[in-house]
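Got a structure for you, questions after.
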Amino acid sequence: MSMTTTATKQCDELDYQVNGNDLQVVEITLDPGETVIAEAGAMNFLEDGIEFSARMGDGSVPDQGFFGGLMSAGKRLMTGESFFITHFINESPQRRTVAFSAPFPGSIIALNLAEHNYKILCQKDAFLCASRGTRIGVAFTKKLGAGFFGGEGFILQSLQGDDVVCLHAGGTVTKRRLNGETIHVDSGCIVAFSQGIDYDVRMIGGLKTMMFGGEGIALATLSGTGDVWLQSLPFARLADRIYTAISAQVDSHVRKASK
């Protein structure tokens with residue numbers, strides 16, 4: 001599918017297709033000279049004629065120079081992402097395809113930023129790929145409590161542009177539209193939210209609920225008017241369950257061996 005071109009378009013206009021159900025792949029078809037940027041290590045396959053290189057910046061400011069790229073890369077390090085972004089450019093005279101997939105099971109969300117007031121905020125590990133011209137930055141939640149109790153930290157990624165960005169999330173993704181409403185969410189289940197949504201983290205219940213409720217000591221609060229995308233299985237939760245299961249197996253084998 002293709003996005004509508006405008007006279008003042010900032011980003012390359014990408015044609016894309018998301019394939020699969022639970023372990024999805026997004027295929028990006030590039031016109032000659034078009035570029036897509038992606039998280040390092042996300043490439044699944046590419047057709048002959050597409051060249052790629054690792055760069056410090058996202059390419060949204062072509063003439064920013066070495067120090068500008070260094071600043072951009074430094075901001076990415078604050079979110080725990082790779083220092084580099086990979087740029088894939090179609091150097092051939094024909095249309096060529098490159099595909100991307102994420103490092104753990106889940107869903108891919110393709111969003112047109114022009115339909116969301118040209119900007120969204122997402123969790124630090126959600127970005128997968130985007131059209132050239134998309135600006136990848138950092139954003140801080142307004143409330144310091146989000147940093148201390150939010151689990152996912154108070155540094156989020158800011159994605160700005162006017163074309164397609166692809167995000168990756170664990171499990172099933174649901175979209176909620178808030179109209180002056182408030183919802184309370186496990187902070188790890190938040191994938192992204194649009195402008196107009198206020199993000200905070202609040203303590204839950206009393207001491208007994210905090211200790212034995214199984215939901216942690218705080219929940220994220222999303223309120224306002226805009227869109228929210230939620231994931232059913234955050235990677236941290238999946239990793240925790242796997243670690244717990246492996247630890248139980250190791251302990252069982254150790255006890256048997258010691259008898």
Where do Ala220 and Ile190 come nearest, in terms of heavy atoms and distance?
CB-CD1, 3.6 Å
Hey, are Ser53 and Arg55 close enough side-chain-wise for a donor-acceptor pair under 3.5 Å?
yes
Where the side chain of Ser194 meets the backbone of Asp227, is there a donor-acceptor pair that is under 3.5 Å apart?
yes
For residues Val18 and Met43: do they belong to one hydrophobic cluster (side chain heavy atoms under 4.5 Å, members Ile, Leu, Val, Met, Phe, Trp, Tyr)?
yes
Nearest heavy-atom contact between Cys166 and Val26 is SG-CG2, 3.9 Å
Are Gln123 and Leu156 close enough that some pair of their side-chain heavy atoms sits under 4.5 Å apart?
yes
Looking at Phe104, Phe100, Phe127, which hits ring pair (Phe, Tyr, Trp, His ring centres under 6.0 Å) with His168?
Phe104
For the residue pair Arg96 and Leu46, establish whether any side-chain heavy-atom pair is separated by less than 4.5 Å.
no
Taking the side chain from Gln24 and the backbone from Ala102, do they hold a donor-acceptor pair closer than 3.5 Å?
no
Ignoring hydrogens, what is the shortest heavy-atom contact between Gln94 and Ser92? Give both atom names and the distance.
O-OG, 2.9 Å
Is there a side-chain contact between Phe52 and Ile50, using heavy atoms and a 4.5 Å cut-off?
no
Shortest non-hydrogen separation from Thr172 to Ser107 and the atoms involved
CA-OG, 4.2 Å
How long is the straight-line distance from CD1 of Ile197 back to CD1 of Ile183, given to the nearest 0.5 Å?
7.5 Å
Find out whether Phe45 and Glu27 are in side-chain contact, i.e. whether some heavy atom of one side chain is under 4.5 Å from a heavy atom of the other.
yes
Enter the distance from Phe88:CZ to Ile37:CD1 here, rounded to the nearest 0.5 Å.
11.0 Å
Gap separating the CG atom of Leu159 from the CG atom of Leu167, nearest 0.5 angstrom
6.5 Å
Check whether Arg135 reaches the backbone of Gly161 with its side chain - one donor and one acceptor, N or O, closer than 3.5 Å.
no
Nearest-0.5 Å distance, CD1 of residue Ile136 to CD1 of residue Ile85
3.5 Å
Have a look at Ser101 and tell me which of Val25, Ile108, Leu128 forms a side chain to side chain contact (heavy atoms under 4.5 Å, CB included) with it.
Val25
For Ala169 and Val191, which heavy atoms make the closest approach, and how far apart are they?
CB-CG2, 3.5 Å
Identify the two heavy atoms, one from Ala114 and one from Asp162, that lie closest to each other, and give their separation to 0.1 Å.
CB-O, 3.8 Å
What I'd like to find out is whether the side chain of Leu222 reaches to under 4.5 Å of the side chain of Tyr199, using heavy atoms alone.
yes
Inspect the surroundings of CG in Asn179 and state if more than 12 heavy atoms from other residues, nucleotides or ligands are less than 6.0 Å away.
yes
Leu230 and Phe193: same hydrophobic cluster, using ILVMFWY side-chain contacts below 4.5 Å?
yes
Between CG of Leu113 and CG of Asp163, what distance do you get to the nearest 0.5 Å?
8.0 Å
Cluster link Val173 to Val165, ILVMFWY, side chain under 4.5 Å
yes
I need the Glu34 CD to Ile28 CD1 distance, nearest 0.5 Å.
10.0 Å
Give a yes or no on whether the backbone of Lys119 and the side-chain of Asn117 come within a donor-acceptor separation of less than 3.5 Å.
no
If we only count heavy atoms from C-beta on, is the Arg177 to Thr225 side-chain gap below 4.5 Å?
yes
State, with a plain yes or no, whether a side-chain heavy atom of Leu30 is found less than 4.5 Å away from one of Thr35.
no
Do Tyr16 and Val36 touch side chain to side chain, with heavy atoms closer than 4.5 Å?
no
